[in-house]
Amino acid sequence: MTVVSSSRDLAGSWIDGAPVRTGGATHTVINPATGEPVAEMALASPGDVDRAVGSARAALPGWAGATPAERSAVLAKLATLADEAADTLVAEEVSQTGKPVRLATEFDVPGSVDNIDFFAGAARHLEGKASGEYSGDHTSSIRREAVGVVATITPWNYPLQMAVWKVLPALAAGCSVVIKPAEITPLTTLTLARLAGEAGLPPGVLNVVTGAGADVGTALAGHRDVDMVTFTGSTAVGRKVMAAAAVHGHRTQLELGGKAPFVVFDDADLDAAIQGAVAGSLINTGQDCTAATRAIVAREVYDDFVAGVAEVMGKIVVGDPQDPDTDLGPLITLAHRAKVADMVAGAPGEGGRIVTGGVAPEGPGSFYRPTLIADVSEQSEVYRDEIFGPVLTVRSFTDDDDAIRQANDTAYGLAASAWTRDVYRAQRASREIHAGCVWINDHIPIISEMPHGGFGASGFGKDMSQYSLEEYLSIKHVMSDITGVVDKPWHRTIFTKR
Ligand code: NAD
């Protein structure tokens with residue numbers, strides 16, 4: 001394993017293949033498990049955003065004009081370097097997010113490396129309709145061209161994975177990129193950019209600007225000289241980003257919030273559903289857009305489900321993310337914990353019953369115990385709004401129609417799961433639940449070959465898979481006359497020859 005120096009040393013933006021610290025303002029990256037500082041980051045100035053976009057614009061023709069094989073070779077090398085730098089990436093991710101080292105080591109970093117590797121291959125697979133004489137008088141062919149300069153804005157929950165999901169398909173398609181990570185979690189995105197340079201990515205093809213959403217994010221999303229804006233984050237901010245991009249008519253892609261239903265039918269393997277509900281709701285301390293948040297459970301098995309989940313949640317080890325025995329790390333900030341705690345505290349007033357959790361342990365760090373709220377009403381805040389914490393709510397349903405209705409009773413549509421041994425129920429749930437991903441008898445797994453992306457308030461467009469490559473490509477139709485005829489038959493629809 002190669003030891004790569006941490007991006008703590010870069011401590012600023014990355015523009016035109018080099019570190020940049022021009023802005024006067026700085027932001028202290030805090031370890032949420034301890035409250036201790038991790039790095040002092042220089043924030044990008046408005047001039048830095050312009051320079052980054054200018055650098056991406058200048059680098060675009062060379063990268064877009066490289067052959068697929070040349071692009072693929074750079075991305076394959078990046079996958080190798082990222083794999084070799086796994087220890088550094090894990091250490092940075094754990095220190096800036098507080099996620100348990102087991103999750104970062106077994107999910108975030110290898111998942112990101114696999115995704116980079118996937119796009120190294122995908123760069124060489126551009127597909128479309130066959131060239132041919134569809135009109136009889138012309139040869140039609142399809143070109144797929146890079147959209148251009150892509151502005152990318154990412155959240156703090158999976159900093160490396162979210163950066164990879166956006167940057168890699170864009171690079172594979174031949175686009176150049178300016179990415180703004182969340183200001184509280186910039187480290188792994190900077191390391192990714194540095195490794196890309198070491199892998200042979202030309203300067204300017206991938207730039208990172210560090211800073212807050214209100215200024216750097218707004219400047220990037222509304223920048224005149226980008227061609228596309230792609231965003232992962234909350235629904236409220238996603239709509240602002242879309243509005244800023246719309247001023248210039250730029251293409252957008254939005255991956256937004258979620259409120260995933262977890263539907264347990266009476267014939268389900270209840271042990272599997274209980275374990276799946278705990279894993280699906282607590283992943284990344286519940287700070288996961290696809291996390292199971294609304295368990296909708298058949299009346300016949302409701303009490304057993306609630307008791308089973310409470311028992312497993314009660315054994316979860318909350319604590320030091322660096323300890324491999326830790327199951328659950330802290331929430332991202334004290335402010336976010338206060339928001340989660342407020343929402344949970346409001347649940348009993350709206351009919352909810354806190355079965356377990358609902359408490360923040362004493363001491364430093366923004367920890368919060370796994371929380372199960374049963375009997376929630378359909379109108380309650382914890383049932384309707386994204387909590388983004390280790391909180392699972394439970395309601396019962398009466399029959400299959402009611403289960404599907406409740407699953408779809410949300411503005412979001414990112415992910416869902418159905419638990420049943422009945423193949424017809426499974427088929428119906430996968431057909432009728434309105435979400436970008438429906439798992440059957442599982443909840444959370446993702447894979448590079450398959451798309452991720454939501455419907456409704458969860459956004460539109462896809463990350464991961466060949467489908468996400470499409471997001472960063474424009475389709476051009478080239479139609480060439482093959483007759484050489486001056487007096488073309490269709491001209492008579494416009495004028496007759498006199
Ligand atoms: P957020 O919307 O607050 O911030 C996301 C990014 O947008 C950050 O980089 C932030 O600095 C930036 N930003 C904030 N205001 C901005 C503005 N006005 N203009 C431009 N940029 C701005 O989200 P968050 O709190 O960082 O992340 C959590 C949210 O992300 C949750 O809602 C979660 O569901 C969602 N999420 C969705 C997916 C998905 O694939 N659908 C994946 C991960 C996270």
Side-chain angles (χ1 to χ4, degrees), residues 27 29 32 41 43-44 49 96-97 99 108 111 115 151-166 178-186 188-189 208-223 226 229-247 250 252-260 283-293 331-333 335-337 339-340 385-389 410-416 435-437 444 446 450-465 468 471:
H27 178 87
V29 177
M41 304 299 296
L43 302 182
V49 176
Q96 68 181 353
T97 65
K99 67 179 68 208
D108 293 73
N115 216 248
T152 295
I153 298 173
T154 48
W156 46 257
N157 62 338
Y158 293 103
L160 178 63
Q161 286 201 81
M162 295 304 101
V164 164
W165 286 11
K166 298 294 193 198
V178 179
I179 179 169
K180 190 204 86 63
E183 69 274 26
I184 54 178
T185 55
T188 41
T189 306
V208 183
V209 285
T210 48
D215 43 27
V216 178
T218 305
L220 188 57
H223 205 288
V226 304
V229 181
T230 170
F231 172 85
T232 301
S234 63
T235 299
V237 172
R239 287 175 179 163
K240 286 188 198 169
V241 164
M242 191 175 182
V247 170
H250 293 149
T252 50
Q253 188 228 0
L254 302 179
E255 299 289 350
L256 308 177
K259 193 73 189 170
I283 181 166
N284 210 34
T285 318
Q287 301 165 126
D288 182 307
C289 51
T290 61
T293 57
L331 289 160
I332 190 71
T333 58
H336 185 54
R337 180 175 73 175
K339 184 198 142 205
V340 170
D385 296 345
E386 199 179 31
I387 304 173
F388 229 51
T410 175
Y412 295 108
L414 187 57
C437 172
I444 289 298
I446 51 174
M450 286 292 147
H452 166 92
F455 305 157
S458 294
F460 53 85
K462 297 296 173 197
D463 284 340
M464 311 213 301
S465 81
S468 80
E471 303 281 344

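We count residues from 1, following the sequence as given. The structure displayed is predicted, hence computed values, not measured ones. In each ligand, atom 1 is the first atom listed, and ligand 1 is the first ligand listed.
- Looking at every heavy atom in both residues, Phe388 comes nearest to Leu331 through O-CD2, 3.8 Å.
- Residue Thr218 has at least one heavy-atom neighbour below 4.0 Å for each of these atoms of ligand 1: 17 (C), 18 (N), 19 (N), 20 (C).
- To the nearest 0.5 Å, atoms NZ (Lys259) and OG1 (Thr235) are separated by 12.0 Å.
- Residues Thr232 and Lys166 bring a donor and an acceptor atom of their side chains to less than 3.5 Å of each other.
- At the shortest separation from atom 15 (N) of ligand 1 among protein heavy atoms lies Val237 CG1, 3.5 Å.
- Applying the 4.0 Å criterion to heavy atoms of Phe231 picks out, from ligand 1, the atoms 2 (O), 5 (C), 6 (C), 7 (O).
- For Gln287, the heavy-atom gap to ligand 1 stays at 4.0 angstrom or more.
- Counting protein heavy atoms only, atom 27 (O) of ligand 1 is closest to Pro155 CB, 3.3 Å.
- Every atom of ligand 1 is numbered from 1 in the order shown, and the set under 4.0 Å from a heavy atom of Ile153 is 6 (C), 7 (O), 9 (O), 12 (C), 20 (C), 21 (N).
- The closest protein non-hydrogen atom to atom 23 (O) of ligand 1 is Ser234 N, 3.4 Å.
- For a threshold of 3.5 Å applied to N or O pairs, the pair formed by Thr235 and ligand 1 contains no separation below that value.
- Proximity to Glu386 (heavy-atom distance under 4.0 Å) selects the following atoms of ligand 1: 31 (C), 32 (O), 33 (C), 34 (O).
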Tell me which donor-acceptor pairs under 3.5 Å the side chains of residues 452-462 have, and how far apart each pair is, sequence neighbours excluded?
{"unit_1": "Ser458", "atom_1": "OG", "unit_2": "Gly257", "atom_2": "O", "d": "2.6"}
{"unit_1": "Ser458", "atom_1": "OG", "unit_2": "Gly413", "atom_2": "N", "d": "2.9"}
{"unit_1": "Ser458", "atom_1": "OG", "unit_2": "Leu414", "atom_2": "N", "d": "3.3"}
{"unit_1": "Lys462", "atom_1": "NZ", "unit_2": "Gly453", "atom_2": "O", "d": "3.1"}

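- For atom 1 (P) of ligand 1, a protein heavy-atom neighbour is present inside the 4.0 Å cut-off.
- When hydrogens are left out, the protein atom nearest atom 17 (C) of ligand 1 is Gly213 O, 3.5 Å; that is the closest non-hydrogen contact.
- Atoms CH2 and CD, on Trp156 and Gln287 in that order, are 4.0 Å from each other to the nearest 0.5 Å.
- Among all protein heavy atoms, the one lying closest to atom 28 (C) of ligand 1 is Phe388 CE2, 3.5 Å.
- The backbone N or O of Glu255 lies less than 3.5 Å from no partner atom in the side chain of Asp463, so there is not a single donor-acceptor pair.
- Counting the atoms of ligand 1 from 1 in the order shown, those under 4.0 Å from a heavy atom of Met162 are 42 (C), 43 (C).
- Checked by atom type, the side-chain pair Ser468/Gln253 shows no donor-acceptor distance below 3.5 Å.
- Atom numbering of ligand 1 starts at 1 in the shown order; those under 4.0 Å from a heavy atom of Gly217 are 19 (N), 20 (C), 21 (N).
- Leu220 and Lys180 make their closest contact through CD2-CB, 4.0 Å (heavy atoms, listed as atom of the first residue, atom of the second, distance).
- Of all non-hydrogen atoms in Gly211 and Leu43, the two that sit nearest each other are CA-CD2, 3.9 Å.
- Here the heavy atom of the protein found nearest to atom 44 (C) of ligand 1 is Asn157 ND2, 3.3 Å.
- Evaluated for a side chain to side chain contact (heavy atoms under 4.5 Å, CB included) with Trp165, the options Thr154, Thr152, Ile446 yield exactly one hit, Ile446.
- The contact set between ligand 1 and Glu183, taken as ligand atoms under 4.0 Å from a residue heavy atom, comprises 11 (O).
- Residue Lys240 qualifies as open at atom NZ: its count of foreign heavy atoms under 6.0 Å is 12 or below.
- Under the side chain to side chain contact (heavy atoms under 4.5 Å, CB included) test applied with Thr189, the options Thr210, Ile179, Val164 reduce to a single match, Ile179.
- An N or O contact shorter than 3.5 Å links Trp156 to ligand 1 by distance.
- Residue-level proximity to ligand 1 for Thr290 is absent, since no heavy atom of it falls below 4.0 angstrom.
- Remark: among candidates Gly233, Pro186, Gly257, Ala214, the nearest residue to atom 35 (C) of ligand 1 is Gly233, based on non-hydrogen atoms.
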Residues Asp288, Ile444; criterion side chain to side chain contact (heavy atoms under 4.5 Å, CB included); working and verdict: CA-CA 9 Å; Asp288 182 307; Ile444 289 298; 4.2 Å; yes
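- Checking Gln161, Lys180, Lys240 against atom 10 (C) of ligand 1, the nearest heavy atom belongs to Lys180.
- Atoms of ligand 1 lying under 4.0 Å from at least one heavy atom of Ala182, given by number and element, are 9 (O).
- Ligand 1 has no N or O atom lying under 3.5 Å from any N or O atom of Ser458, backbone or side chain.
- Nearest protein neighbour of atom 38 (C) of ligand 1, counting heavy atoms only, is Cys289 SG, 3.0 Å.
- Ranking protein heavy atoms by distance to atom 40 (O) of ligand 1, first place goes to His452 NE2, 2.7 Å.
- Legend: residues meeting ring-ring contact (aromatic ring centres under 6.0 Å, His included) with Tyr412, ordered by chain and number and at least two apart, are absent.
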